[in-house]
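Sequence positions, counted from 1, serve as the residue numbers for this chain.
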Amino acid sequence: MRQRLSTIRGHALLDVASALQKAIRRADARLAGYWAIELFESGYRDYLWRRLLTISAEDCWGVITHEVEAL
């Protein structure tokens with residue numbers, strides 16, 4: 001049986017990652033920030049940064065991706 005990874009508030013990890021990406025694509029900074037904090041506070045710091053790098057590469061390649069890499 002597969003273990004379901006979740007955040008500290010009980011959200012499924014993959015649902016949160018998807019919501020983060022959708023919020024970024026929709027330019028909803030408040031919601032994107034909420035989901036980013038949810039991942040960070042849940043101990044998924046490295047996963048969050050990898051997701052942000054992937055999102056930047058998929059949606060706004062170039063300067064933004066280099067800025068995320070630098071962080």
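To the nearest 0.5 Å, atom CD1 of residue Ile55 and atom CZ of residue Arg25 are 7.5 Å apart.
The minimum heavy-atom distance between Ala23 and Ala32, with the atom names listed, is CB-N, 3.5 Å. Considering all non-hydrogen atoms of both residues, Leu48 and Ala36 come closest at CD2-O, 3.5 Å.
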Would you check, one step at a time, whether the test side-chain contact (heavy atoms from CB on, under 4.5 Å) holds for Leu39 with Trp35?
CA-CA 6 Å; Leu39 289 170; Trp35 292 122; 5.7 Å; no

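A single hydrophobic cluster is not seen to contain both Ile37 and Trp49; linkage of ILVMFWY side chains at heavy-atom distances under 4.5 Å, directly or through other members, places them apart.
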Taking only distance into account, with no hydrogens and no angle test, what donor-acceptor pairs under 3.5 Å do side-chain atoms of residues 9-21 form with protein atoms, sequence neighbours excluded?
unit_1 : atom_1 : unit_2 : atom_2 : d
Arg9   : NH1    : Glu38  : OE1    : 2.4
Arg9   : NH2    : Glu41  : OE1    : 3.1
Gln21  : OE1    : Arg51  : NH2    : 3.1
Gln21  : NE2    : Glu58  : OE1    : 3.1

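Among residues at least two apart or in separate chains, there is no ring pair (Phe, Tyr, Trp, His ring centres under 6.0 Å) pair with a member in residues 12-34.
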